[in-house]
Amino acid sequence: MEAKQRGNQQINLQHGEPHSHSPAYQAVLRAGPRVRPLQQAHAQIVVLGKHCNLALLTKLLTLACAAGSITYTRRLFLTVSNPDSFLFNSLIKGSSKFGFPYDAVWFYRRMLLADISPSNYTFTSVIKACADLSALRLGRSIHSHVLVCGYGSDSYVQAALVAFYAKSSELSIARRLFDRIPEKTIVAWNSMISGYDQNGFSREAIGLFDQMRELGVEPDSSTFVSVLSACAQLGAIGLGCRVHDYVVSNGFDVNVVLGTSLINMYCRCGNVIKARNVFDLMSERNVIAWTAMISGYGIHGYGREAMELFGQMQIQGPRPNNITFVAVLSACAHAGLIQEGRRAFADMKQEYGLVPGVEHHVCLVDMLGRAGLLNEAYQFVKDLNPGELTPAVWTAMLGACKMHKKFDLGVQVAEHLLAVEPENPGHYVMLSNIYALAGKMDRVELVRNMMIRRGLKKQVGYSTVEVDHKTYLFSMGDKSHPEIYWYLDDLMLRCREAGYVPAFESVMHELEEEEREYALRYHSEKLAIAFGLLKTSVGMVIRVVKNLRMCEDCHSAIKYISVVCNREIIVRDKLRFHHFNNGSCSCLDYW
DNA sequence: CTAGGGTTAG
């Protein structure tokens with residue numbers, strides 16, 4: 001109320017001359033969001049004896065916050081003798097907006113201690129801070145405070161609460177709250193849809209989007225961003241394209257965020273050309289947009305295109321950051337661009353002053369390892385600081401050992417990993433695969449028993465394929481579509497006639513000899529491809545998404561399938577894309 | 001003389 005009255009007064013002042021501002025106020029305005037000038041302006045305020053003027057101090061504090069110096073903001077705050085609700089709301093808003101959620105909460109507590117009642121404005125900001133922190137307990141208590149203060153039906157507070165519960169992984173609470181909103185704003189819908197998406201529930205995100213459309217609620221660009229992200233996760237290019245068409249034909253502005261999600265969607269659904277079209281048409285491109293496009297080339301194995309774009313970025317684009325270099329290095333790793341990768345890693349440190357993290361080390365080991373430079377990879381690992389020797393780096397080293405059948409080192413690394421992360425089933429699978437490659441079946445058995453004793457299971461692999469805008473999911477030995485089995489049996493026979501030889505060593509260790517070919521034959525990606533071939537007409541591309549990495553046998557089999565059926569098959573596995581056509585794969589067996 | 005809420009990309 002107090003605020004409203006003061007707001008009205010402000011209207012009367014609107015015709016005042018700009019120079020009616022006091023010198024102290026002008027000094028604050030001139031300083032802008034920069035710490036040093038603000039300090040000088042503060043000194044002036046004190047000299048002029050205006051240090052009790054709350055309006056002036058509020059402006060000063062807001063700018064200090066915007067300048068990114070929360071320490072200075074807090075110091076200034078402590079000099080204010082009797083802060084009012086205006087000041088607190090500005091501070092809470094500023095800290096949560098500029099990335100200081102802890103301070104937002106701290107100021108909120110100070111506000112309560114000062115016996116000043118929070119408003120709906122206060123709550124939206126402090127709930128956002130809780131969401132950023134995933135601070136479930138705190139958020140819950142603030143939620144009850146919201147109800148006590150009578151703001152439970154404020155639409156802004158409701159949307160913030162839905163987002164908060166979703167970001168704290170409490171999706172059912174978020175949903176219950178959402179369902180109870182009688183008049184749902186577009187932001188409430190967006191909060192719930194993005195909540196599903198961010199927690200990996202892509203289908204639920206899309207389902208809610210459909211429901212929203214059925215009710216005639218008009219989506220906005222933020223809705224599209226979440227839906228496109230869900231499409232990207234699922235590889236649902238059909239829906240992705242429809243969203244894109246809708247955006248274009250309804251004249252939505254493709255801003256940086258929306259453009260970047262389109263790029264990401266097209267790349268992860270297998271269409272880099274369309275992604276590049278979107279990139280070229282964007283009027284504003286920031287570091288995130290460039291990085292998305294570079295990473296898109298990388299996961300398709302188009303290393304040269306990735307490096308060319310990166311080169312262009314260095315000349316006329318925004319400054320690359322750590323994430324850009326992850327994209328660049330992994331593009332090099334997947335395309336065998338060793339020299340370029342080494343160079344980029346050096347530039348990252350020397351030219352850009354960036355500090356490589358775990359991901360960069362993993363990329364480098366991966367790159368050297370794939371290329372067969374095992375000694376160099378191992379030397380690189382040994383040269384890292386003890387603190388940088390993370391399991392992820394060793395896992396990359398282990399992958400290289402397996403790929404190049406480096407038995408002794410592989411066993412050594414795997415045993416180290418088992419000691420450090422005994423709960424990670426992936427390490428056991430790797431170790432047993434290495435033993436299997438070396439023909440040490442007694443050891444394979446040993447590792448398998450150890451895994452069982454510790455109650456560990458390997459991750460379940462599954463694949464999806466899109467037919468007529470619907471996605472179908474398959475897991476190994478899946479019996480949901482019996483009609484594909486005879487087809488697949490026949491198909492594999494034709495592949496064998498064309499020269500395909502099953503790679504038995506790719507089978508997981510727990511199987512008996514005679515079961516092996518069947519286990520291979522019914523891998524989820526083969527089932528999904530068989531289904532796709534059966535249900536789509538000649539000439540249509542088969543697109544499959546797998547949650548894990550493809551095995552070597554499937555990779556070889558699919559090359560033959562592409563010949564025997566004369567079809568283009570695109571498989572996205574956990575790491576990258578494989579475009580199969582005419583008996584070869586775009587990864588050139590370099591994966 | 002002060003703020004003006006919630007959702008969104010690598």
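Naming convention: chains lettered A, B, ... in sequence-line order (proteins, then strands); numbering from 1 in each chain. A quick note: this is a predicted structure, and the numbers were derived from the prediction, not measured.
- Distance A:Gln198 CD to B:dG6 C1': 14 Å, rounded to the nearest Å.
- For A:Ala159, counting side-chain heavy atoms from C-beta on, the closest listed nucleotide (B:dG6, B:dG10, B:dT8) is B:dG6.
- Among the heavy atoms of the strands lying under 4.0 Å from A:Ser194 are primed sugar atoms or P, OP1, OP2 only; no base atom is included.
- Across the protein-nucleic acid pair, A:Arg268 atom CZ and B:dA9 atom C1' stand 12 Å apart, rounded to whole Å.
- Nucleotide B:dG5 is shown with a syn base, its glycosidic torsion being within 90° of 0.
- The separation between A:Ile45 atom CD1 and B:dC1 atom C1' is 11 Å, rounded to whole Å.
- Donor-acceptor pairing under 3.5 Å, judged by distance alone, is present between the side chain of A:Asn321 and the base of B:dG10.
- Residue A:Lys184 is out of contact with every strand shown, counting any heavy-atom pair closer than 4.0 Å.
- Phosphate proximity of B:dT8 to A:Lys128: absent, as no side-chain N or O sits under 4.0 Å from OP1 or OP2.
- The aromatic ring centres of A:Phe209 and A:Trp189 sit 6.0 Å or more apart.
- Atom C1' of nucleotide B:dG10 and atom CD of A:Glu284 are separated by 14 Å, given to the nearest angstrom.
- With A:Arg543 contributing its side chain and A:Cys269 its backbone, the two residues share a donor-acceptor pair below 3.5 Å.
- No hydrogens or angles were tested; on distance alone, a donor-acceptor pair under 3.5 Å links the side chain of A:Asn89 to the base of B:dA3.
- As rounded to whole Å, 12 Å separates atom P of B:dG5 from atom CZ of A:Phe98.
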Query - Derivation and outcome, side chain to side chain donor-acceptor pair (under 3.5 Å), residues A:Ser229 and A:Ser261 - result: CA-CA 6 Å; A:Ser229 159; A:Ser261 10; over 6 Å; no

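- Contact between the side-chain N/O atoms of A:Lys97 and the OP1/OP2 oxygens of B:dG5 is not found at any separation under 4.0 Å.
- For the pair A:Trp189 CH2 and B:dT7 P, the interatomic distance rounds to 18 Å; values are reported in whole Å.
- Here B:dA9 presents its C1' atom at 14 Å from CG of A:Asn190, a figure rounded to the nearest Å.
- For A:Ser295, no side-chain nitrogen or oxygen approaches OP1 or OP2 of B:dG10 to under 4.0 Å.
- In the set B:dG6, B:dG10, B:dT7, the nucleotide with an atom closest to the side chain of A:Tyr156 is B:dG6.
- Here the side chain of A:Lys93 is nearest to one of B:dG6, B:dT7, B:dA9, namely B:dG6.
- Across B:dG10, B:dC1, B:dT7, the shortest atom-to-atom separation from the side chain of A:Ala163 is found for B:dT7.
- Contact annotation for A:Asn286: base contact, defined as any heavy-atom pair under 4.0 Å involving a base atom.
- Using a 4.0 Å heavy-atom criterion, one finds that A:Val326 contacts no nucleic acid atom at all.
- Closest to the A:Lys50 side chain, of the nucleotides B:dC1, B:dT8, B:dG6, is B:dC1.
- Using a 4.0 Å heavy-atom cutoff across all strands shown, A:Thr185 reaches at least one base atom of the nucleic acid.
- Relative to the side chain of A:Ser226, the nucleotides B:dG6, B:dT8, B:dA3 differ in distance, and B:dT8 lies closest.
- Under the salt bridge (charged side-chain N to carboxylate O under 4.0 Å, His left out) criterion, A:Arg34 pairs with no residue, sequence neighbours left out.
- Using the six-membered ring where Trp is involved, A:His300 and A:Phe577 have ring planes that are parallel, under 30° apart on the 30 and 60° scheme.
- The base of B:dT7 sits with one of its N or O atoms less than 3.5 Å from a complementary donor or acceptor on the side chain of A:Ser222.
- Checking A:Phe325, A:Tyr297, A:Trp290 one by one against A:Phe310, the ring pair (Phe, Tyr, Trp, His ring centres under 6.0 Å) holds for a single residue, A:Phe325.
- An OP1 or OP2 oxygen of B:dG10 is reached within less than 4.0 angstrom by a side-chain nitrogen or oxygen of A:Asn264.
- Counting distance only, with no hydrogens placed and no angle test, the side-chain atoms of A:Ser155 and the base atoms of B:dG5 include no donor-acceptor pair under 3.5 Å.
- Here the nucleotide nearest the side chain of A:Ile323, chosen from B:dC1, B:dA9, B:dG10, is B:dG10.
- Going from atom CE of A:Met282 over to atom C1' of B:dG10 covers 11 Å, rounded to whole Å.
- Judged as a ring-ring contact (aromatic ring centres under 6.0 Å, His included), the pairs with a partner in residues 122-147 of chain A (not counting sequence neighbours) are, in order, A:Phe123-A:His145, A:Phe123-A:Tyr151, A:His143-A:Tyr165.
- In the set B:dT8, B:dT7, B:dG6, B:dT8 carries the atom at the smallest distance from any side-chain atom of A:Val257.
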